[in-house]
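Take a look at the structure set out below.
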Amino acid sequence: MKHLKSLFKEQYNPENFFLIAGPCVIEEEEILMTVAEKVTTICKRLAIPYIFKASYRKANRTSVHSFTGIGDVEGLELLQKIGKTFNVPVTSDIHSAAEAAMAAAYVDVLQIPAFLCRQTDILIAAAETGKVVNVKKGQFLSGESMKFAVEKIKGAGNDHIMLTERGTTFGYQDLVVDYRNIPIMKHLGEPVVMDCTHSLQQPNQTSGVTGGNPQMISTIAKAAIATGADGLFIETHPDPSKAKSDGANMLRLDLLEELLEKLVEIRKVVR
């Protein structure tokens, strides 16, 4: 956790978990500002270190007709504005090695999507920016296998790494969370995050839109804190039913505060 402390500019409880939260994709500035203001206020009150998350582009949508973003530079500039306005670090996915340096000029943490966690070129390119690199564990990998992603990033001269658990493929249209992966990945010496929303996806729907099970977000988050997760990843939106990406598994913004209050109390018991 030591290398993450420099990310957080505000005062917080260093014994607390940290939070990565925001809408799935950048839709418009008003939504970003609404979410960032609300979550920042909650996290300050609860002394939770906070990283704002929104993707400037979504390259891994199910259907070619799905919304992918408002434009790369436009999206990245809005992320940078959020960081400066609310004095918080910001993060976004990248989807190719070529995107790493461009995104690194605007964000504090580069996130590697689960499907790309084995791609050596993107891991090395992200590492070479010097930014913190958050690698999501592939739905097809064990926790032990993430040691190779860590080795690639460290081999490129960067030891600022986070690892994120986001569920394991179960059949064709579901995911399950194996909580053994949290302590297993912690043994690799890096902070471990639980993705509480993507782990509830129901992919490969014939409609072309990924389904979800958001009523289980609280359960996933509580279990993650109880099993030692250092951080939580929660996508949230003022109205998930109108979200342009992953609305089926996002937490409604007005439900976040009560959940975080409960999680802070659980953390006090188990830490």
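- Between Glu27 and Lys244 there is no salt bridge, since no side-chain nitrogen of the basic residue lies less than 4.0 Å from a carboxylate oxygen of the acidic one.
- Checked by atom type and distance alone, the side chain of Thr91 pairs as donor or acceptor with a backbone atom of Val109 at under 3.5 Å.
- For Thr236 (side chain) and Leu251 (main-chain N/O), a donor-acceptor pair under 3.5 Å exists by modelled atom type.
- At least one donor-acceptor pair closer than 3.5 Å links the side chain of Thr197 to the backbone N or O of Glu235.
- In this structure, Arg45 places its CZ atom where more than 12 heavy-atom neighbours from other residues, nucleotides or ligands lie under 6.0 Å away.
- Distance check, rounded to the nearest 0.5 Å: CD1 of Ile20 to SG of Cys196 gives 10.5 Å.
- Taking the six-membered ring where the residue is Trp, His198 and Phe233 present tilted rings, their angle falling between 30° and 60°.
- Residue Lys81 holds its NZ atom at 15.0 Å from CG of Leu76, rounded to the nearest 0.5 Å.
- Residues satisfying the side-chain contact (heavy atoms from CB on, under 4.5 Å) test with Ala54, not counting sequence neighbours, are Pro23, Ile26, Leu32, Phe52, Leu79.
- Taken to the nearest 0.5 Å, the CG atom of Asp195 stands 8.5 Å off from the CG atom of Leu200.
- Linking ILVMFWY residues whenever their side-chain heavy atoms come closer than 4.5 Å, directly or via other members, leaves Phe148 and Val192 in distinct clusters.
- Interatomic distance, Gln80 CD to Asp108 CG, rounded to the nearest 0.5 Å: 9.5 Å.
- In terms of modelled atom types and a separation under 3.5 Å, the side chain of Thr40 and the main chain of Glu37 share no donor-acceptor contact.
- Between Ile42 and the choices Leu253, Leu259, Leu260, Ile48, the side-chain contact (heavy atoms from CB on, under 4.5 Å) rule is met once, by Leu260.
- Not one N or O on the side chain of Lys152 forms a donor-acceptor pair closer than 3.5 Å with the backbone of Ala156.
- Residue Lys147 qualifies as open at atom NZ: its count of foreign heavy atoms under 6.0 Å is 12 or below.
- Heavy-atom contacts from other residues, nucleotides or ligands closer than 6.0 Å to CZ of Phe170 number 12 or fewer.
- With hydrogens and angles ignored, the 3.5 Å screen pairs a side-chain donor or acceptor of Ser92 with a backbone N or O of Tyr56.
- A distance-only check finds a donor-acceptor pair linking the side chain of Arg267 to the backbone of Glu15 [under 3.5 Å].
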